[in-house]
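In what follows, a structure is listed as structure tokens, so that the remarks can point back to it.
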Amino acid sequence: MAQNITSRKENYPQWYLDVIAAGQLADYAPVKGCMVIRPAGFAIWEAMQARLDRMFKETGHMNAYFPLLIPEHFFAKEAEHVEGFSPECAVVTHGGGKQLEEPLVVRPTSETVIGHMYSKWINSYRDLPVLINQWCNVIRWEMRTRLFLRTSEFLWQEGHTAHETYEEAQEETLRMLEIYRRFQEEYLAIPVITGQKSAGEKFPGALATYTIEAMMQDGKALQAGTSHNLGQNFAKAFDITYLDRNNHQVPVWTTSWGVSTRMIGGLIMTHSDDDGLVLPPKIAPVQVVIMPIITGDENQVQLLEVAENLRSELSHRLDPLQIKVDGRDNLRPAEKFFHWIQQGVPVRVEIGPKDLQKSAVMVARRDLRDKQSVPLAGVSDHVIQLLDTIQTDMFERARSYRDEQTRTAKSYDEFKQILESAGGFIRAHWNGSADVEEQIKTETKATIRCIPFTDNLEPGVCIVSGEPSTQEVLFGIAY
RNA sequence: CGGGGUGUAGCGCAGUCCGGUAGCGCGCCAGCUUUGGGAGCUGGAUGUCGGAGGUUCAAAUCCUCUCACCCCGACCA
């Protein structure tokens, strides 16, 4: 077992940090709450970006870039927004050696500056919809930080759209939520629950916030992405109006939606094991590593040749950049194994003298730590199929774990007991009141993760107040 | 901001009570031997002991002040 990683059982938070260190994904920056994303970690982010960016563009969005610094008074324009964000804003007060006339806020999110620009760009219904996304960094001054999950600076994308009608905005909000769901489930192999945030948990300034909620291996919930229908709140605050089809000047309807580098944390805590990182093939920067087992000078040339041949064979069917041959001869085989294991590479092909004699190679899958001999002639097919199997298996394992850790509470007592003994998600009836939500949070630390979208709405009674409830909502202790 | 803790080599720590001039493990570098699941031996490099002031012949160690970070609570993608 890994020597440099605390087991999950022993100390889950420490395990998480150890996996990141062992995989060389990130390191602490000199400024509290900030992190350096190292090449191995950034490659994962780039893979996420590439895929999502394509999905955004396939649905008609284009990328743009808005500035990091925002005039402070912009935030004051939307009451709920300023109240929600001002405690966590970093503010620039000096520039060029002088105190600034007006302080500049380092963006915690860009609704305000984008709203300002949209009011200039949108004049007529013919200008709508506006479908823009930006990839950038934001700063939120956090009291307690954790690598990837919560850092003062993080990378994300924020989509900002403007529409003619409420219905169109709502459709867009849900369309993007669905893209997030598909991305998480199909690429990251992370099962998520989609639903709406309660009033208490929604984005400051939004009409409604929708979310995808994932469950980590310790039973805690992770909000993995959000999509907001902003209604006309920002349109009114920033005077984003247009001449409609009836020749009336009216406010637009806007949306915003985002996912961040937090997804990397979710990826780690969904799939990784006590040996380190485990990555699903569809997002792994390196999908296959081919490793000649060099034990002396005799076979070295031949081993490398077989490795290179396999690489070129696989290159026709995979992205050549996602195949690595580790021909280093200064490391012992064991050290190389552990290196790639801790990088989470899904498939490892080992070629040693013993294999050559049998015209075979050893093929190991990272997710199950399983290894078998495969005839050289069929390796390529085997690897391609194995990548596919791993992707499916990882998702299914995560989903069945999530389902096993999701329970229903019929009473508040039962609710508390489940939280204490097992954790995980709890479905329970709730009367929709903010007071009850708050009471549960104070007494148990559990929050409403979302009001799930569901076809079968079963009425019941609130576990706290006993009042009627239209459906069960999803509770959990969140990261 | 409350409660608790820690600052000594790249990392993890001992040394502090009882002052005497810097140590262990891992890592790093070199060489040799090794090499199918985290190697062995030999040699080597590395420190303003968090910072400032003080007491003393002498301070990592005692005194005063200060800074930073970590953990636990209240806010959050």
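Lettering of chains follows the sequences in order, A, B, ..., and the numbering in each one begins at 1.
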For atom CZ of A:Arg328 and atom C1' of B:G38, their distance in whole Å: 13 Å

Those residues of residues 57-65 of chain A lying under 4.0 Å from RNA chain B by at least one heavy atom: none

Atom-pair distance (NE2 on A:His339; P on B:U35), nearest Å: 23 Å

Axial cation check for A:Phe338 ring with A:Lys336, 6.0 Å and 45° limits: no

Under 3.5 Å on both distances, the Watson-Crick or G-U partner of B:U6: B:A68

Between A:Glu153 and A:Thr151, a side-chain donor and acceptor under 3.5 Å: no

Under 3.5 Å side-chain donor-acceptor pair for A:Gln134 and A:Ser110: yes

Sugar-phosphate only, base, or nothing, as touched by A:Glu153 at under 4.0 Å among non-hydrogen atoms: nothing

Sugar-phosphate, base or nothing in reach of A:Arg146, heavy atoms under 4.0 Å: nothing

Nucleotide of B:G36, B:G38, B:A77 approaching A:Ala334 most closely (side-chain heavy atoms): B:G38

Under 3.5 Å side-chain donor-acceptor pair for A:Glu305 and A:Asn309: no

Partner nucleotide, any strand, of B:C11 [Watson-Crick/G-U, under 3.5 Å]: B:G25

For B:G20, the Watson-Crick or wobble partner whose two distances fall under 3.5 Å: B:C57

Residue pair A:Gln342 / A:Asn4, side-chain donor-acceptor N/O under 3.5 Å: yes

From A:Arg182, A:Arg181, A:Arg175, residue fulfilling salt bridge (charged side-chain N to carboxylate O under 4.0 Å, His left out) relative to A:Glu178: A:Arg181

Side-chain donor-acceptor contact under 3.5 Å, A:His382 with A:Ser380: no

Atom C1', compared across B:A14 and B:U6: separation rounded to whole Å: 15 Å

Donor-acceptor side-chain pairing of A:Thr161 and A:Thr255 below 3.5 angstrom: yes

RNA chain B: 5'-proximal contact among A:Arg262 and A:Gly33 (nearest heavy atom): A:Gly33

Distance-only polar pair, side chains of A:Ser198 and A:Glu437, donor-acceptor under 3.5 Å: yes

B:G53 versus B:G38 - spacing of their C1' atoms, nearest Å: 49 Å

Separation of the C1' atoms in B:G40 and B:U34, to the nearest angstrom: 8 Å

Distances for protein N/O vs nucleotides 32-34 of chain B N/O pairs under 3.5 angstrom?
from	atom 1	to	atom 2	distance (Å)
B:U34	O2	A:Arg332	NH1	3.1

Residue A:Met362, side-chain heavy atoms: nucleotide from B:G37, B:G38, B:G36 that is nearest: B:G36

Sugar-phosphate only, base, or nothing, as touched by A:Gly352 at under 4.0 Å among non-hydrogen atoms: base

Residue A:Thr226, side-chain heavy atoms: nucleotide from B:G38, B:G37, B:A77 that is nearest: B:A77

A:Trp257-A:Asn133 side chain donor-acceptor pair, cut-off 3.5 Å: no

Separation of the P atoms in B:A60 and B:G47, to the nearest angstrom: 15 Å

Complement of B:A30, any strand, by Watson-Crick or G-U distances under 3.5 angstrom: B:U42

d(CD, A:Glu335; P, B:G37) in whole Å: 12 Å

Sugar-phosphate only, base, or nothing, as touched by A:Phe154 at under 4.0 Å among non-hydrogen atoms: base

A:Met176 CE to B:A77 P, straight-line distance once rounded to whole Å: 19 Å

Whole-Å C1' distance, B:C41 and B:G5: 41 Å

Distance in angstrom units between A:Lys336 NZ and B:G38 P, rounded: 15 Å

A:Tyr16-A:Asn11 side chain donor-acceptor pair, cut-off 3.5 Å: no

Among B:G36, B:A77, B:G37, the nucleotide that comes nearest once only the side chain of A:Lys354 is considered: B:G36

Under 3.5 Å on both distances, the Watson-Crick or G-U partner of B:G47: none

Parallel, tilted or perpendicular: ring planes of A:Phe234 versus A:Phe203, cut at 30 and 60 degrees: tilted

C1'-based separation of B:G23 from B:A9 [nearest Å]: 11 Å

Spacing of the P atoms in B:G36 and B:C71 (rounded, Å): 39 Å

Residues A:Asn63 and A:Asp53: side-chain donor-acceptor under 3.5 angstrom: yes

Rounded distance (Å) that lies between atom P of B:A39 and atom CZ of A:Phe338: 9 Å

A:Leu155 CG to B:A77 P, straight-line distance once rounded to whole Å: 17 Å

Any side-chain donor near an acceptor of the partner, A:Thr209 and A:His228, under 3.5 Å: yes

Integer angstrom distance from the P of B:C24 to that of B:U46: 14 Å

Sugar-phosphate only, base, or nothing, as touched by A:Thr209 at under 4.0 Å among non-hydrogen atoms: nothing

Residue-level proximity of residues 439-450 of chain A to RNA chain B when a heavy atom falls under 4.0 Å: A:Lys445

Touch class at under 4.0 angstrom, heavy-atom based, for A:Glu142 against every strand present: base

Face-to-face stacking of A:Trp156 with B:A77, centres under 5.5 angstrom, angle under 30°: no

Polar side chain donor-acceptor pair, A:His61 to A:Glu172, under 3.5 angstrom: yes

A:Phe337 or A:Glu438, whichever maps to the more 5' nucleotide of RNA chain B: A:Phe337

Protein-nucleotide distance (A:Gln24, atom CD; B:G27, atom C1'), rounded to Å: 13 Å

Partner nucleotide, any strand, of B:C1 [Watson-Crick/G-U, under 3.5 Å]: B:G73

